[in-house]
Structure formats: C-alpha cells, structure tokens
Amino acid sequence: MALRKPPHRSSARPAKPGGRLLSRAAAGDAQVRHGLARVLSKAGVCSRSEAARRVLEGRVSVDGRVIRDPEFPILAGRHKVLLDGQPLAAARRLYIALNKPRGLVTTVQDEQGRDTVYHCFEGAGLPWLAPVGRLDKASEGLLFFSNDPEWAARLTDPATGPLKTYRVQVDAVPDAAQLARMQEGVDDAGEHLAAHSVEVLRHGERTAWLEVVLDEGRNRHIRRLLKVLGFDVLRLMRVAIGPVQLGELGKGQWRELDRAELDALAGDE
C-alpha cells in the first residue's frame, strides 16, 4: 500500500559547508555589507538575537570604537571587530546529529521552565549551536544542530533542503483513498499540508505504522495533516534527513556528522 510522488528537487547546488568569516568564495562579494549582529552570528559565536544583545551592551567594537547598533554595516574584509576585547574569530564549524527524546522542547530556554534539547549537551563543552529545524515536544528522533547559519538555512529551505523521513503510529488503519488524500494534501489554518510520500509499513486491527516523507516541514505538519483526515498520532519519530539515518544512535545521544555525510547532504540538496 504505497503511493509516492516523483521527486521534485532543485537543480541548484549550493556551496558545501565552510568559508571564512566576512567573506564568500566569489570575489564579487567583497563589497557586501552586513549588519554587525549578523556578522557575529555568521561567525558561529552566538545566535542573532544574542549577538544583538551583546552589541547593545557595548561588548563589541569596530576599528577601536564601541558600536551599540546591531545593524551597523560591516564591509567584508575591511573592519577589525572585537568581542569583549578579543578579535572575532570564526568558531570551528560543528554539525551535530541528536536523537531527540520525547518530552524535550526544541528551544534554548523555555518560558514555562520545561526541559529543552540542550539538556542532552550538558557538560560536553560545545560552542553555541542552533537547532536545524524543529521537532515538537511529543516527537522524537533525528535532529541536527550547527553553528553554521548558511548551512542550516539551506537544509531548512524547501527548495534546497533534503527530504525528511518519519515513522508514525496512528490510531486506525488508513485505506488507499486516505493514503491518496495524505499526498494530495489538506488545508488547515490557511496552510496546505501534504506528504511527499506515504506508505503503510505494518498494521494491526486498530493501529498502523506509516512511513511519511516530507519535502517541507511546517509547524506540527504531520500531526495536523493526519488530524484533518481523522487520525490521532500515537507516536512520531524522524528516522532520516536526506541520506543521514538515525541508525543506532541512542535516545538523548549525539554525534558529529562526518565528511561523507556532509558531502551526501550537499549532493542531496
């Protein structure tokens, strides 16, 4: 019982991860200006909002002058930027795969005091990392983190990002017509929600496990899609992002992506 759409992928091939601070590979970008907070964020030292806070606190200087404007324009390769009196150096780029457990929220700090995914990194001495995409509190499985904003943006852009594969347990057994509706999509809260492909992996009398593949990821995409069609999700686990598999990574455990995986992700975009 499988229905699959033909893949629709962009032919563009963005640059692979890497690159120096304040410059791009193309020489024509030498005159590009960026706001000061964005420069700090692109260096991988903190998030954009945290960078803006540090600028407003007077912790950043440009060419020897303290700047308190997060949008102060920086010309690539022309200015000396100091953070807390130290030259701004790009952090080592990290690309992390985490097996997110259920019950954790995907945020740095939660206003309700709930445990976050960063609990899994405690004591590891990692630099600032941002989640690449999201999994809601009740969902689990493969979640990327990185301090490379451009890489993260490519992976989360529906036009260039990889397909994402989920195992989903639902409270009923869908028939062929319902599987077709999942791919055709439904409208919910002003958004069109659809699966790239869906397949029944196994089922009992009252429940079924589905493989659902998405080519984009809206907020609670699968749960909302299935709810409109009359299904409740009992369990939802992301098992792959493009060619990278969750594999045997234990719950709450993480590892760095290796070069082969990064190259495969770049080729899959």
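Only a predicted model underlies this, so the values are computations on that prediction, with no experimental measurement involved.
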Residue pairs passing the salt bridge (charged side-chain N to carboxylate O under 4.0 Å, His left out) test where at least one lies in residues 239-252, sequence neighbours excluded: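 Matches after skipping sequence neighbours: Glu140-Lys251.
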Test item: [X] and [Y] side chains (from C-beta on) under 4.5 Å apart, heavy atoms:
X: Arg235; Y: Val168; answer: no
X: Ile222; Y: Leu225; answer: no
X: Leu142; Y: Val239; answer: no
X: Trp254; Y: Phe145; answer: no
X: Arg65; Y: Phe72; answer: yes
X: Leu214; Y: Leu163; answer: no
X: Val233; Y: Gln169; answer: no
X: Arg154; Y: Asp157; answer: no

Taking atom [atom1] of [X] and atom [atom2] of [Y], what is their separation to the nearest 0.5 Å?
X: Glu184; Y: Leu229; atom1: CD; atom2: CG; value: 9.5 Å
X: Glu50; Y: Ser41; atom1: CD; atom2: OG; value: 10.5 Å
X: Leu265; Y: Ile241; atom1: CG; atom2: CD1; value: 8.0 Å
X: Thr165; Y: Met237; atom1: OG1; atom2: CE; value: 13.0 Å
X: Thr207; Y: Leu234; atom1: OG1; atom2: CG; value: 7.0 Å
X: Leu129; Y: Asp148; atom1: CG; atom2: CG; value: 11.0 Å

Looking at [Y], is its backbone amide N or carbonyl O close enough to the side chain of [X] to form a donor-acceptor pair, meaning the two atoms are under 3.5 Å apart?
X: Tyr95; Y: Phe144; value: no
X: Arg93; Y: Asn147; value: yes
X: Arg102; Y: Ser139; value: no
X: Lys100; Y: Cys120; value: no
X: Thr106; Y: Arg134; value: no
X: Ser146; Y: Leu94; value: yes
X: Ser61; Y: Gly64; value: no
X: His221; Y: Ala194; value: yes
X: Glu57; Y: Arg54; value: no
X: Arg224; Y: Asn219; value: yes

What are the two closest heavy atoms between [X] and [Y], and how far apart are they?
X: Ala51; Y: Ala37; result: CB-O, 3.4 Å
X: Val173; Y: Phe231; result: C-CE2, 4.4 Å
X: Arg68; Y: Gly58; result: NH1-N, 3.4 Å
X: Ala130; Y: Tyr118; result: CA-OH, 3.6 Å
X: Gln245; Y: Gly242; result: NE2-O, 4.4 Å
X: Val55; Y: Pro70; result: CG1-N, 3.7 Å

Please determine whether side chain to side chain contact (heavy atoms under 4.5 Å, CB included) holds for the pair Arg167 and Trp209, giving the CA-CA distance in whole Å, both sets of side-chain angles, and the decisive distance to 0.1 Å. CA-CA 7 Å; Arg167 298 283 187 268; Trp209 277 94; 4.0 Å; yes
Note: [X]-[Y] ion pair, threshold 4.0 Å (strictly below):
X: Asp84; Y: Arg59; answer: yes
X: Lys227; Y: Asp188; answer: no
X: Arg259; Y: Glu261; answer: no
X: Arg92; Y: Glu256; answer: yes

Would you indicate whether His119, at its atom NE2, is surrounded by more than 12 heavy atoms from other residues, nucleotides or ligands within a distance under 6.0 Å?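 Incorrect, the count does not exceed 12.
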Using the ring pair (Phe, Tyr, Trp, His ring centres under 6.0 Å) criterion, which residues pair with Tyr166? Sequence neighbours excluded.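 Here no residue qualifies.
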Would you sort out whether Asp232 and Arg223 count as a salt bridge (charged side-chain N to carboxylate O under 4.0 Å, His left out), showing the intermediate values? CA-CA 7 Å; Asp232 283 332; Arg223 294 180 188 278; over 6 Å; no
Under the side chain to side chain contact (heavy atoms under 4.5 Å, CB included) rule, what do Asn99 and Leu246 come out as? Steps first, then yes or no, please. CA-CA 7 Å; Asn99 184 350; Leu246 179 63; 3.7 Å; yes
Count I, L, V, M, F, W, Y as connected when their side-chain heavy atoms are under 4.5 Å apart, and connections chain through other members. Are [X] and [Y] then in the same cluster?
X: Val117; Y: Leu126; result: yes
X: Val108; Y: Leu135; result: yes
X: Leu82; Y: Val60; result: no
X: Trp128; Y: Val39; result: no
X: Leu143; Y: Val105; result: no

Evaluation steps, side chain to side chain contact (heavy atoms under 4.5 Å, CB included), between Leu104 and Thr116: CA-CA 5 Å; Leu104 300 182; Thr116 78; 5.9 Å; no
Step by step, would you call Arg255 with Leu257 a side chain to side chain contact (heavy atoms under 4.5 Å, CB included)? CA-CA 6 Å; Arg255 64 176 181 82; Leu257 298 178; 4.1 Å; yes
